[in-house]
Amino acid sequence: MRFAARRIVRFAVSLAVLLVASFAMIHLIPGDPVRASLGPAAPVELVEARRQALGLDRPVPEQFLGYVRGVLGGEFGTSFLTGERVGDVIAARLPVTLSLALLATAVALLVAVPLGMWIAIRTENGRRRGAEATFTSVTGLAVTVPEFLYAIALVSVFSIGLGWFPPAGRGGPESYVLPVAALAIGPAAMIARMCRLETLRELAAEYVRLARAKRLPAPRLYIRHVLPGTLTATLTVSGLLLTGLVTGSVIVEYVFAWPGLGQRIVEAIVQKDYPVAQGLILVYGALVLVVNLLVDLALGMLDPTSRIKET
Amino acid sequence: MRRSLPAWIGGGLVAAMVILAIAGPPIWGEAAERVDPRAVLQGASAEHWLGTDNLGRDLLARVLVAARFSLLLALIATAVGGGAGVLLGALPSVLPRPAARFVTGAVNTLVAFPGLLLAMFTAVIAGLGARGAVLGVAAAIAPGVARLTQTLAASVAGADYVAAARMLGVSRPRVLVRHVLPNIAEPLILYLTQAMGLALLALASMSFLGLGVQPPDFDWGRLLFDGFPRIYVTPVVALGPAVAVALAGIGFNLLGDALAQAASRRGAHAGGAVPAADVSEAGEPDPEAVLEVRDLTVAFPGGLTPVRGVSLAVAPGEIVGLVGESGCGKSLTAAAVGGLVPYPGVVTAAALRLCGTEISEMSPKELGTSLAMVFQDPMASLNPALRVGGQLAEVAIVHQNAPRAAAHRRAVDRLGHVHIPEPERRARQHPHELSGGMRQRAVIAMGLMGAPRLIIADEPTTALDVTVQRQILTLLREVTAETAAATLFISHDIAVVGELCDRVVVMYAGRVVEELPAARLAEGAAHPYTRALIASVPDMDTDRTRPLAGIPGRPPTPAEFTDGCAFAPRCPLATAKCADHPPLADHDAPGHRVACWEAT
């Protein structure tokens with residue numbers, strides 16, 4: 001339990017640092033952010049009014065307190081351009097992004113873990129070197145190719161070429177197929193590689209030899225004796241990949257015109273809509289920290305030998 | 001050094017990209033900028049292979065020219081990120097402790113953040129354009145490099161030469177620059193090669209989102225950004241830059257992988273050719289023996305036969321010791337009996353019978369309950385992720401169809417039977433909560449879940465301390481007597497074997513060289529190898545002023561096996577006759593057989 005408490009303290013500290021960073025972001029912009037946003041032609045009165053509305057004319061410590069109070073109360077400011085409340089933007093779009101990222105993680109894990117284990121079992125002790133080499137090079141390539149290329153390739157082939165799936169927009173289940181695939185392929189390849197190595201390591205362990213000596217049936221041997229030992233590393237990698245997915249979804253949302261946070265943050269940065277950019281970066285950062293915390297806590301519970309608990 | 005196909009492809013792709021970056025702009029630069037109002041927004045044609053853009057400029061030329069800017073930006077981002085990373089990573093080893101801890105903590109937090117998020121953060125501050133994107137990607141690369149530098153520096157810092165330099169009073173920054181950095185340069189450069197590929201892809205992503213390079217400049221990502229809205233009408237316009245980005249990214253990655261592999265590759269192992277032993281007649285089952293092994297051979301590809309024609313028999317309730325130095329084939333013999341020889345080993349035997357039935361014909365159910373194995377390292381033979389009781393109970397659940405509760409009761413009973421105190425509590429614990437001796441008891445208890453006919457104990461006490469060793473030996477004897485199983489006890493320690501076993505089988509270089517009753521070990525051993533083994537055991541009377549007795553030379557590896565007596569090169573009695581392998585012949589007492597021409 002002390003481990004969980006330590007992790008939660010670390011999480012809180014990171015969150016505080018993130019809050020400071022997102023606040024500082026606006027102040028680090030060289031020159032006047034409001035002028036930069038409205039353009040050189042905007043009238044001085046408008047710029048001044050905007051500055052006052054944002055509280056930029058007050059002393060920095062006061063601004064920071066106001067910012068923290070706002071964030072804690074779910075108030076992230078309003079968009080320069082549309083006048084929407086950033087809190088509403090987040091509330092409307094976060095579920096869309098999360099559904100995409102979680103679905104992609106689930107698909108990646110469900111495909112990759114069995115695949116990695118299966119390949120490991122088939123290629124144990126240098127058996128079937130051809131299959132092993134094929135697996136390693138194919139997944140190696142799959143890991144390298146970035147999401148936006150998958151997205152473009154999938155759209156070209158499956159919606160423009162074959163017309164099987166809609167090319168853009170969020171609708172029925174079929175509209176999820178391509179975005180989820182574009183997001184999941186890379187991580188799945190990575191997890192499968194990881195899982196293969198971990199399974200090979202487990203298969204060589206003395207306790208697996210003993211389990212084999214007990215003549216356990218294959219499913220029980222692999223699921224009960226081999227799988228748990230592979231999970232620590234696999235989950236750690238998956239956690240890192242999930243945080244990558246949260247932002248990888250930015251690109252996929254952009255390609256598929258998916259109404260999530262990612263599409264909006266790109267717009268906000270291009271249009272210098274700073275309150276929106278600030279709020280969404282804070283949300284993305286917090287998501288990353290939450291995922292890391294959850295992965296750590298899960299590992300602490302799953303791993304009875306508690307290697308992670310010493311860190 | 002052998003270069004693999006991926007290495008060639010990676011190297012080739014990177015070389016092609018570099019040539020393109022150098023030669024591209026002078027050759028196609030003019031074509032890439034030539035505006036043609038008559039050829040606006042065209043698809044692929046003979047004149048414009050990849051079509052044209054909204055000003056009628058040839059897209060193929062633009063893709064080829066963009067190589068320079070794309071690679072240059074990636075190079076700058078990698079250099080800036082790598083430099084910042086090395087600095088951040090090296091700082092903790094120079095700074096005072098609290099500051100060092102702060103830097104380490106900051107790096108650990110930053111590593112967890114995805115690169116694109118850091119890049120977007122930087123892009124907001126630095127503004128849209130190549131500069132913001134490069135700084136952002138550099139910020140994304142730096143934490144990984146810093147973490148790697150820290151890890152590597154920590155491993156080098158423990159090395160003797162660094163400790164020596166510290167001892168000599170060399171200052172910390174100087175140790176860092178003179179001793180630490182040069183020794184971690186190679187892995188760092190490898191990492192940066194791959195980071196370059198990632199930087200290229202990340203910059204392309206930023207430009208593709210419209211957050212990177214802005215017109216009139218263009219890189220591959222920007223071309224993709226411009227081409228993407230047209231993908232529904234003329235997909236080919238997005239194809240060119242996409243392929244270029246993918247090839248460059250893959251090229252750097254493959255090259256980095258190949259370099260890393262080349263750096264870590266060790267020498268390949270050699271193999272020798274030895275003819276496999278002939279398999280002779282199976283013969284009638286020996287009714288006296290629980291375990292009967294006749295002419296057992298284990299062969300590996302490349303003509304290696306680490307076990308050559310081993311025969312042995314074990315009677316009910318008998319403990320037979322299998323002794324020899326490491327690599328003599330004793331453990332592999334045990335594995336073959338248990339049907340656990342790893343691929344690609346091939347087991348052949350004239351007979352390999354348990355209670356008169358060929359082991360290869362027994363069902364998993366029969367084998368699972370009639371065979372008990374105990375391995376060397378009790379830390380490693382229990383699965384750390386599963387509770388002790390569950391690992392015992394599953395034998396009954398799987399092979400005897402016992403209900404879960406009954407199986408657990410049986411597991412607790414068995415744990416108690418091997419003298420583990422508080423068996424109910426221990427059954428609920430994980431292996432790491434038990435002591436080494438207790439774990440070995442638990443493993444033995446696991447073998448007792450069924451009705452073992454054969455117990456194979458492979459160096460079961462080697463990893464335990466001496467007092468616990470004795471308890472485990474006593475337990476093994478108890479269990480053997482009680483179950484009337486045949487026990488095969490494998491050890492390199494002839495003193496332990498002499499104490500525990502009824503009979504001893506001595507192996508050397510994959511063959512049985514002597515078989516004798518344990519009682520005769522001290523006085524009656526006939527083979528020079530057995531004698532040498534016994535002589536090398538120190539006892540209370542050993543003269544401690546003289547060096548410990550040993551056997552000169554080392555045992556041959558399977559690649560060095562010959563047809564003659566394998567011990568001859570180390571044997572004081574060897575003669576010309578020893579070039580032929582001596583048969584295992586009866587010696588002067590019952591149950592005593594020796595394979596030596598000169599044995600007396």
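Here is the naming used below: chain letters follow the sequence lines, and residue numbers restart at 1 for every chain.
When atom types are taken as modelled, the side chain of A:Tyr284 and the backbone of A:Gly279 share no donor-acceptor pair closer than 3.5 angstrom. Formation of a donor-acceptor pair under 3.5 Å by the B:Gln391 side chain with backbone atoms of B:Leu382 is not found in this model.
The shortest distance between side-chain heavy atoms of B:Arg439 and B:Ser381 does not fall below 4.5 Å. Side-chain atoms of A:Ile265 and A:Val276, non-hydrogen and from C-beta on, never get closer than 4.5 Å to each other. Side chains of A:Ile269 and B:Met120 form a contact here, defined as non-hydrogen atoms less than 4.5 Å apart.
Contacts between A:Ile152 and chain B at a heavy-atom distance below 4.5 Å involve backbone atoms as well as side-chain atoms. Residue B:Val243 does not touch chain A at all, counting heavy-atom pairs closer than 4.5 Å. In this structure, chain B has a heavy atom under 4.5 Å from the side chain of A:Val155, while its backbone stays farther away. For B:Val124, the parts lying under 4.5 angstrom from a heavy atom of chain A are both the backbone and the side chain. For a residue to count as touching a neighbouring chain, one of its non-hydrogen atoms must lie under 4.5 Å from one of that chain's; by this rule B:Leu239 does not touch chain A. Interface residue B:Ala204: backbone and side-chain heavy atoms are both found under 4.5 Å from chain A. Heavy-atom distances place the side chain of B:Phe228, and not its backbone, under 4.5 Å from chain A. Heavy-atom distances place both the backbone and the side chain of A:Val270 under 4.5 Å from chain B. Residue A:Val145 touches chain B through its side chain alone, counting heavy-atom pairs closer than 4.5 Å. For chain A, no part of B:Met449 is nearby; none of its heavy atoms comes within less than 4.5 Å. For B:Glu433, no part lies near chain A; criterion is any non-hydrogen pair under 4.5 Å.
Judged by distance alone, the side chains of A:Thr97 and A:Glu253 do bring a donor and an acceptor atom under 3.5 Å apart.
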Would you sort out whether B:Phe225 and B:Phe208 count as a ring pair (Phe, Tyr, Trp, His ring centres under 6.0 Å), showing the intermediate values?
CA-CA 5 Å; B:Phe225 174 83; B:Phe208 174 65; 7.4 Å; no

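Among the candidates A:Ala21, A:Ala268, A:Ser22, the residue making the largest number of heavy-atom pairs closer than 4.5 Å to chain B is A:Ala21. When A:Ala277, A:Ser14, A:Ser156, A:Gly285 are compared by the number of non-hydrogen pairs under 4.5 Å with chain B, A:Gly285 comes out ahead.
Evaluated for a side chain to side chain contact (heavy atoms under 4.5 Å, CB included) with B:Val337, the options B:Ile359, B:Leu332, B:Leu354 yield exactly one hit, B:Ile359.
Few gaps surround CZ on A:Phe11; more than 12 heavy atoms of other groups in view lie less than 6.0 Å from it.
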